[in-house]
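I have placed the structure first, in the form of structure tokens, so that the comments after it can refer back to it.
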Amino acid sequence: MSTLTGKLLRINLNDYSSMKEEIPRRHITRFISARGVGAKYLYDELAPSADPLSAENKLLLLVGALGGTGLQGFSKWMVMSKSPSTGTIFRSVTGGNFGVWMKHAGYDLIIVEGKAVAPTYIHIDPDGVHFMDAADLWGLDYRQLQAQLKENHGDHTESACIGPAGEKLVRYAVIHSGERTASRGGMGTVMGSKNLKAVSINVPIKKPTPFDPATFKELIETQVGILKEHPRKQTMTTLGTPYITKIVNMMGILPTKNYQEGSFATIEDLSGDQFFELKKARAGCYACMTRCGGMREVAYGPFRGTQIDGPEYETIFAFGPLVGLSDRQFVVDANALCDAFGIDTISTGVCIAFACELFARGIISSADANGLELAWGNKEAIFSLIEQIGNREGFGRLLGEGVKKAAEQIGGGALALAMHIKGLELPGYEPRGVKGYALSMATSNIGGSHMYGRPREEFSGQADPLVETGKGELIARVQKEQAIEDSLIACTFGNTGLDTAMYARLLYAATGIEDFGNAANLLKIGERIVCIERCFNVREGFGRNDDTLPERMRKEPLKQAGPATDQVVGNLEHMLDEYYQALGYTAEGIPGIDRLQALDLPEAVEDIKTYTAPGASESPGRSGQP
Ligand code: SF4
């Protein structure tokens, strides 16, 4: 018995077929589940240079080894694919119940291939896999869609679905699961490109059975005991991620006015306490006693008068200081509007802040922006621009391509104002004030993400956030740890008090796989996952030149940033050398053959030899940077 089903469902939309397959045991022992196993399948099955929005790309839905077990904060799920934002391998994590329903249906992984000829949705029930006409569902927002799916297939139905922006191929469309979203990297765009509106499941509950039920139960009790006492859990339960706002402002790393400044004068208006005042009810994911979410009432747009689960910190920064505002209700309403279209709030906010700075510097005029006066803090113009992006019309059509592609098209001074790494819009942490975090974002195999390796030491005082030297090893370690957490899937906010040793005990009791019971081996698996993702990107032409930061972060001293004022990331090259050395990469950022062999990655050895041979041509996947 094991909490892993060991099975995947392969769905081909070209011929509307489906097939159940065993996941090879060697995939599991080397990569565990979720992000690890997903990276392995994408590496093996996706041809280099495949267009992310073509039928050739694959969409992977994954649940972790510990999902659906009753362990607290381990039942999120993730989407993986080649990203239309970055051209790299990508993973995006979300909550909701869908992942657990996958497990009830008997799958750790669903692979969607090909492209349907017409709008389609897939429904899974005890009778099998059904391909359904989605013509009547096309255009619905996630709430209308989820309600319709429940009407069609019963109240017990859970789904992964896209909104109108995913259908229209806005490049940073999300996938919804209940009130939660797999937000980043355009996973909803990939789904839309396949003419796939939703995957829904209604099957009887079938909880996974651990290999050693008694020990597993004891470990859950231990975890619950830790959580009950832990102050971080209490803070998350009461305030949720909005509590971060004041901390980052104090550190001078709150991106303000398109990353020109690092703090905001009226930040008190956006504090965790202030958002607590707007909270109507608690919300959260399946089997999580932290329940960090909060329902808040919407005053504008299609969801007006209803409540949404949000906003999270990342949305607060994106529709607050980043665009020159500190209006709580505006943040809630902008969040709801993005949700109604199904677009990522971070990328949307960064694209709009980019447009505001272009406008402030006279690079674009209101005539270029469909008559919008894009002054900092102009709420009406920002709402209109969200609508244009979601509808992929007007100036929003260009911004919906993402900040990198938009800047390339606008040209001139626009390129220097586009805040992205490898095409992924930057998150709510100013890199100049947290140098290790800057390195983590620069080297992330999914582009400018705050969730690829978070150096908590720079926030807790264990490491000086303004020091660059010595960060290579730290970031190599936290990226490995994140890879393990993403392969379980342990929620960053719900895994309070747990460490790699505890993961090892849990995994062994859950699966009976002896290798998982060794914490050192888990760290090796974490490194193997980061490494195979890097190998995927090397095949696409990515290398050292792409492990960088926007020029602003490297050359322009940060303004109004408290302790981080006047900081730049001055010696990224040295930090890269340290990081590559820690992971056994060459000076070009490519995994060395010796390290590939030590990590038991024979599948990558020949590829890496081919792509690094003298005279090997650069792939069109290479992203370049402003
Ligand atoms: S801590 Fe929050 S995001 Fe994490 S599993 Fe719990 S409710 Fe979901």
Side-chain angles (χ1 to χ4, degrees), residues 3 33-35 62-79 91-103 158 160 174-184 187 208 220 223-245 272 275-276 279-296 307-317 335 339 344-346 427-428 449-452 454 456 481-482 484-499 502-503 506:
T3 54
S33 58
R35 177 173 149 194
L62 301 119
V63 60
L66 303 172
T69 59
L71 193 66
Q72 302 294 296
F74 283 72
S75 289
K76 293 172 91 169
W77 63 283
M78 70 169 61
V79 189
R91 69 97 177 77
S92 187
V93 180
T94 182
N97 293 339
F98 181 80
V100 177
W101 262 234
M102 273 176 62
K103 207 157 247 195
E158 293 290 341
V174 308
I175 295 179
H176 296 271
S177 170
E179 282 290 308
R180 301 267 162 161
T181 53
S183 300
R184 305 233 67 199
M187 298 297 95
I220 292 182
Q223 184 208 18
V224 169
I226 293 170
L227 278 170
K228 273 185 182 158
E229 301 300 322
H230 209 291
R232 180 170 177 256
K233 184 262 168 195
Q234 311 300 347
T235 305
M236 286 303 296
T237 297
T238 310
L239 301 179
T241 55
Y243 93 94
I244 297 170
T245 312
F275 275 100
F276 179 74
K279 192 166 162 178
K280 304 286 184 196
R282 290 176 64 191
C285 307
Y286 183 96
C288 178
M289 59 191 275
T290 302
R291 287 178 70 75
C292 70
M295 303 301 293
R296 294 177 179 86
Q307 294 174 12
I308 59 158
D309 181 0
E312 302 291 347
Y313 163 69
E314 290 292 333
T315 305
I316 297 171
F317 110 88
N335 192 157
D339 286 353
D344 174 27
T345 56
I346 299 177
S449 167
H450 57 297
M451 296 303 293
Y452 200 79
R454 186 182 179 87
R456 288 192 171 131
E481 288 169 352
Q482 185 67 53
I484 298 166
E485 291 180 3
D486 283 349
S487 297
L488 298 182
I489 303 166
C491 173
T492 304
F493 309 116
N495 68 348
T496 301
L498 303 187
D499 57 14
M502 183 65 162
Y503 295 148
L506 283 162

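When a ligand or atom number is given, it counts from 1 through the structure's own listing order. Quick caveat: nothing in here was measured; it's all calculated off a predicted structure.
No donor-acceptor pair closer than 3.5 Å links the side chain of Ser183 to the backbone N or O of Val174. Side-chain atoms of Thr290 do not come within 3.5 Å of backbone N or O of Cys292 as any donor-acceptor pair. Side-chain atoms of Tyr503 do not come within 3.5 Å of backbone N or O of Ala490 as any donor-acceptor pair. In this structure, the side chain of Gln72 engages the main chain of Gly70 through a donor-acceptor pair within 3.5 Å. A donor-acceptor pair under 3.5 Å links the side-chain atoms of Ser177 to the main chain of Gly95, judged by distance alone. Judged purely by atom type and a 3.5 angstrom limit, Ser33 uses its side chain to pair as donor or acceptor with the backbone of Ser487. A distance-only check finds no donor-acceptor pair linking the side chain of Glu485 to the backbone of Thr492 [under 3.5 Å].
Taking a cut-off of under 4.0 Å to the non-hydrogen atoms of Arg291, the atoms of ligand 1 that pass are 7 (S). Within the listing of ligand 1, atoms 7 (S) sit less than 4.0 angstrom from a heavy atom of Gly284. The atoms of ligand 1 that sit less than 4.0 Å from any heavy atom of Phe493 are 1 (S).
Taking backbone and side-chain atoms together, Cys288 has no N/O/S atom less than 2.8 Å away from atom 8 (Fe) of ligand 1.
The proximity of Met236 to ligand 1, defined as any non-hydrogen pair under 4.0 Å, does not occur for either the backbone or the side chain.
Taking atom 4 (Fe) of ligand 1 as the reference point, the nearest protein heavy-atom neighbour is Cys491 SG, 2.2 Å. Nearest protein heavy-atom neighbour of atom 2 (Fe) of ligand 1: Cys292 SG, 2.3 Å. Here the protein heavy atom with the shortest distance to atom 7 (S) of ligand 1 is Cys285 N, 3.3 Å.
Under a 4.0 Å heavy-atom criterion, Arg180 is in contact with ligand 1.
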